[in-house]
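To start, the structure under review is shown below, and the notes come after it.
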Amino acid sequence: MMTVSAAPKVKAPSQDRGQRRVDRLLDAAAELILVHGAEGLKMDMVAKQAATSPGSLYQFFPNRAALLTALMERFGAQLSALAEQIVLQQSQERPADLALAARSFLAPFLDFYARNQAYVILAEASDRLFAGQGYTFFEDDVVAQSLVQVLTPFTAAAQKPRLARVAKMLTIQAHAAISAAFDVPEDARADWLGELDHLIQSYIATLQES
């Protein structure tokens, strides 16, 4: 599960109806981030987009930091669950080789990033949004740690000390490449992501060097 240090206080919904309202507010924030960016998001925009009153919004989220933290945590929980699912699948049916293990692990995350552009935008802006406020998001670490589990059986003993660094580097590079892919013309996006796959595969091949 994702954790956030020093997260602002958020009122937890006490009923299913309240949870649905929170989900609607978070959905509205994600939709607006696609248009205005994370730093351009304003609370009144979210209330209007969710067709609710500002008072209802502030009942659950006292400020923008609380709202964005909750949105990031929701994305993080989804990523954490995805990582656990893939690790479990690969433990039950081990891939044939290192390349397949990495590709089958990373592909669902690339798909998640592509389907949740608001997450990518928010993650890229998080250092600026929460500068000096003590909030720390760990979604990249969770993905990287899960990737270590997947790649460990295929990694040469001499390369195991590098494995954590390689997994973190791959996670960061995938994030950056997906973020940049949104600016690539749609008809060229497949080629762009193909280059990312080549980059990943050439890099992880070094893990098998003795």
Side-chain angles (χ1 to χ4, degrees), residues 1-13 17-83 108-143 171-193 196:
M1 179 66 65
M2 298 297 148
T3 56
V4 183
S5 64
K9 298 292 184 181
V10 176
K11 179 182 177 181
R17 183 175 62 181
Q19 184 60 57
R20 288 194 297 271
R21 188 177 302 170
V22 166
D23 288 338
R24 188 165 67 248
L25 291 167
L26 294 178
D27 289 342
E31 292 165 4
L32 289 165
I33 285 173
L34 297 179
V35 179
H36 301 284
E39 291 157 305
L41 184 72
K42 299 186 182 303
M43 295 291 275
D44 59 338
M45 293 178 181
V46 176
K48 183 177 180 180
Q49 182 77 4
T52 191
S53 68
S56 181
L57 170 61
Y58 284 103
Q59 177 186 4
F60 293 105
F61 304 108
N63 51 47
R64 188 180 73 159
L67 175 64
L68 292 179
T69 296
L71 180 58
M72 195 68 164
E73 287 183 327
R74 186 172 74 166
F75 282 132
Q78 293 167 351
L79 282 167
S80 181
L82 181 58
F109 288 100
L110 298 180
D111 180 65
F112 180 91
Y113 299 153
R115 288 185 291 102
N116 295 279
Q117 186 179 354
Y119 163 70
V120 178
I121 295 170
L122 183 55
E124 292 295 320
S126 62
D127 288 344
R128 299 186 300 276
L129 285 167
F130 300 104
Q133 298 184 46
Y135 311 150
T136 304
F137 301 100
F138 299 104
E139 69 282 349
D140 280 355
D141 291 332
V142 169
V143 175
T171 304
I172 293 171
Q173 289 297 324
H175 240 153
I178 288 293
S179 179
F182 297 130
D183 297 323
V184 174
E186 190 169 351
D187 60 352
R189 199 165 295 161
D191 291 337
W192 175 268
L193 296 178
L196 173 61

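Because the structure is predicted, anything quoted here is derived from the model rather than measured. Side-chain atoms are counted along with the backbone in the values below, which use heavy atoms only and exclude waters and symmetry mates.
In this structure, CZ on Phe60 lies 5.0 Å from CZ on Arg21, to the nearest 0.5 angstrom. How far CG of Leu57 is from CE of Met45: 13.0 Å, rounded to the nearest 0.5 Å. With rounding to the nearest 0.5 angstrom, the CD1 atom of Ile178 is 12.5 Å from the CZ atom of Phe109. With rounding to the nearest 0.5 angstrom, the CG atom of Asn63 is 6.5 Å from the CE atom of Met43.
In this structure the side chain of Leu71 reaches within 4.5 angstrom of the side chain of Arg74, judged on heavy atoms. Annotation: side chain of Leu193 is not in contact with side chain of Leu110 (no heavy-atom distance under 4.5 Å). Between Phe61 and Leu68, the closest side-chain pair of non-hydrogen atoms is not below 4.5 Å. At least one side-chain heavy atom of Leu79 sits under 4.5 Å from a side-chain heavy atom of Tyr119. Two residues are said to be in side-chain contact when any heavy atoms from C-beta on lie closer than 4.5 Å; Asp191 and Val184 fail this criterion.
Side-chain N or O atoms of Trp192 include none that pairs as donor or acceptor with a backbone N or O of Phe182 at under 3.5 Å. At least one donor-acceptor pair closer than 3.5 Å links the side chain of Thr69 to the backbone N or O of Ala65.
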**OP:** Carefully, step by step, assess Val46 and Arg64 under the rule side chain to side chain contact (heavy atoms under 4.5 Å, CB included).
**Re:** CA-CA 10 Å; Val46 176; Arg64 188 180 73 159; over 6 Å; no

**OP:** Apply side chain to side chain contact (heavy atoms under 4.5 Å, CB included) to Leu26 and Leu67, showing your working.
**Re:** CA-CA 7 Å; Leu26 294 178; Leu67 175 64; 3.8 Å; yes

Please tabulate, one pair per line, all N/O donor-acceptor pairs under 3.5 Å involving side-chain atoms of residues 32-41, not counting sequence neighbours.
from  : atom 1 : to     : atom 2 : distance (Å)
Glu39 : OE1    : Arg128 : NH2    : 3.3
Glu39 : OE2    : Arg128 : NE     : 2.9

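Taking both residues in full, the closest heavy atoms of Glu124 and Ser179 are given as CG-OG, 3.8 Å, listed atom of the first, atom of the second, then distance. Nearest heavy atom pair, residue Ala28 against residue Gln49, reads CB-CG, 3.6 Å. When all heavy atoms of Ala181 and Arg189 are compared, the pair lying nearest together is O-NE, 3.0 Å.
Using cut-offs of 30° and 60° on the angle between ring planes, the pair Phe112 and Phe75 is perpendicular.
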